[in-house]
Asks: 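For reference, the structure I am asking about is given below.
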Number of protein chains: 2
Amino acid sequence: MNIYDIAELAGVSIATVSRVVNDSPRVSEKTKQKVRAIMEENGYTPNVFARGLGLDSMKTIGILCPDVSDAYMATAVAHLERSMHEHGYDCILCCSGFEQSIKEKYVSLLLAKRIDALIMVGSTYAGVEGEESRIQYVLDAARQVPVFLINGYLDGENIYCAYGDDYQITYDVTSQMIESGRRRILFLCDSHSYSAVRKLAGYESALKSHGLPVLGDLKLYVKNRIHTVRDILLERRDLRFDSVIGTDDGLAVGAIKYANAKLLKIPEDICITGFNNSTLSICSDPELSSVDNRVEELCNITISNMMKILQEKDPQISRNCKVPCRLVKRCTTDF
Amino acid sequence: MNIYDIAELAGVSIATVSRVVNDSPRVSEKTKQKVRAIMEENGYTPNVFARGLGLDSMKTIGILCPDVSDAYMATAVAHLERSMHEHGYDCILCCSGFEQSIKEKYVSLLLAKRIDALIMVGSTYAGVEGEESRIQYVLDAARQVPVFLINGYLDGENIYCAYGDDYQITYDVTSQMIESGRRRILFLCDSHSYSAVRKLAGYESALKSHGLPVLGDLKLYVKNRIHTVRDILLERRDLRFDSVIGTDDGLAVGAIKYANAKLLKIPEDICITGFNNSTLSICSDPELSSVDNRVEELCNITISNMMKILQEKDPQISRNCKVPCRLVKRCTTDF
DNA sequence: ATGAAAGCGCTAACAC
DNA sequence: GTGTTAGCGCTTTCAT
């Protein structure tokens, strides 16, 4: 059943049917009714390919993230997908992992699909300082479609970023730890992403402004697996710390497991915070204080910007949107 | 840059270019080289819409799930997406929630996008006994494209199902609880989905074969939120039980929270198991024994079946694939 | 307000 | 082995 069939059944031309489908004002109400009835009866749906060919758009947004099975990204993707649908767009989802060549491959693949815009979820796409060549593919993509980064920042034409203020919140949390008497704060981290770098900067900056030394030993890079973190901490008997900032809830829960195994009192003996305010944080015992970096908010901003860009002529949008984070206090902190 | 431009630059016809793009054997190696070089130079990518129009397929698979922010589904989607890409297909992701009308809407939307196949993740799409009308839309969809259910079963032409043997594993777990001396086993559940129904059947059947009564009080339907479960259990002071089967890790962790709050010894005073073997289960304290229903395996089976159907003429595939589950024992069980 | 007809960029059947 | 050409189903001028 195609537009010709409908046109014939309705006794009009395909142009008129097309106009009805697109709700053009230049068709009489009467004709519209009639055509719509015929379409309804026959369960007609316009062929998206043909339409895409003509309009060079299929109203699809590409979403790229390293891994949807990660809770943070899953939340973001779920939120994005829902909002996009409300605006009449569909989502092609791709999970690129963290490897450079794969990321690049996926971006070209997505572009080849003629997506209307590209959303990249996760600070891994923001690249690392000193390795600017690795973000070239994002810059290139932005010349074809608007690119939106969630939880990362990248300066470039047609690239719009929304991210939590990781620097500030880490600065604040670190400061509060220091002010409540902590002196040896372990910074647990599992990557060198944009976000991780900002968190580290906030941490170090807080130490410095309180006249505390930045100790290399207290910056620990580990894999984000709860038992791995626990075991590494247990093994490093030389390492002394009275508090920990985990850049992800998984890392922080690993620290809780460590503390429990060593029969340390939380938060008295050791104070712990995580990031992302995921379900993990209410699962552990004691429950974890965790930074909420407001993914939903970041997603909303992104969608709102995207719609303006896709629909308006001259949108005027900030390419750089930083959102304050907040610490959700539970039982692993005493401030 | 389209096929005509390339043809002109290469000094051949568009047919030849098309053949090169599709790697047809009926082009001389020399011509291929030349055309490919030109395509490379000019960064040519075939227009997917035009191609879709001709072939009536864009090599995209629709994935429908109630909610990707759920860990179980996120794992499944991540796995599916990766495998699909390896086979040259892309995924359009839709999150339908649990409401009937929305599910139906999404399915027609996906079909309108001319997907090559539809994967439905989650037993919610398998419907409930006695409400056959609610699965009509799945049956209808299957007349257009092959439909694959993950973690649910539905008997219908062109519908292929892969699911864990929830009945058997719940029967086994219940039996082991009984044989290790438990008499009042609480069945915690948050839905009436196909999967939930099968689990309940296994539970009741085990009770019966051990000569134990099936008590209505011990079947509790609650929302899958950790604190909610804990609080409800704490409030129901009349309810007596010495063991808990949670049909999801979240529910079981709620039970752990309850036990901890009441200073019950786990597993001595109360024995607890969950489902899905998610990160939650290693987060809690004590760590939760949980049924692994092998999503990856289910996904692999599905993909493998799908590829056969999409590529072969007469595949011969079982529409009904049941996979055994296994209990991953941690610290909340004593058997 | 409506229709005729020219694309959109590709595939594939057919001709050579 | 390569070229010609007729669709695929729609949108969109341009007439009327």
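Note that this is a predicted model, so its numbers are computed, not measured. All chains are named by letter (A, B, ...) in the order of the sequence lines, taking the proteins before the strands, and each is independently numbered beginning at 1.
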Asks: Other residues, nucleotides and ligands only: do more than 12 of their heavy atoms fall within 6.0 Å of CD on Glu129(A)?
Replies: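 No - once you tally the heavy atoms of other residues, nucleotides and ligands closer than 6.0 Å, there are 12 at most.
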
Asks: For the residue pair Tyr44(A) and Asp5(A), confirm or rule out a side-chain donor-acceptor distance under 3.5 Å.
Replies: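 Short answer, no.
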
Asks: Looking at Thr31(B), I'd like to know whether one of its side-chain N or O atoms comes within less than 4.0 Å of OP1 or OP2 on dG1(D).
Replies: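 Thr31(B) to dG1(D) OP1/OP2: no side-chain N or O under 4.0 Å.
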
Asks: Do Met306(B) and Pro146(B) have side-chain heavy atoms sitting under 4.5 Å apart?
Replies: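 Heavy-atom side-chain distance check fails, nothing below 4.5 Å.
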
Asks: I need a per-nucleotide contact map over nucleotides 3-12 of chain C, read 5' to 3'. Cutoff is protein heavy atoms under 4.0 Å; write B for the base, S for backbone only, - otherwise.
Replies: BBB--BBBBB

Asks: Of all heavy-atom pairs between Arg51(A) and Pro46(A), which one has the smallest distance, and what is that distance?
Replies: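 That would be NH2-CG, 4.2 Å.
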
Asks: Do NZ/NE/NH1/NH2 and the carboxylate oxygens of Asp116(B) and Lys59(B) come within less than 4.0 Å?
Replies: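 Looking at Asp116(B) and Lys59(B), the cut-off is not met.
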
Asks: Please report, rounded to the nearest Å, how far the P atom of dT2(C) is from the NZ atom of Lys32(A).
Replies: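 Rounded to the whole Å, the gap is 10 Å.
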
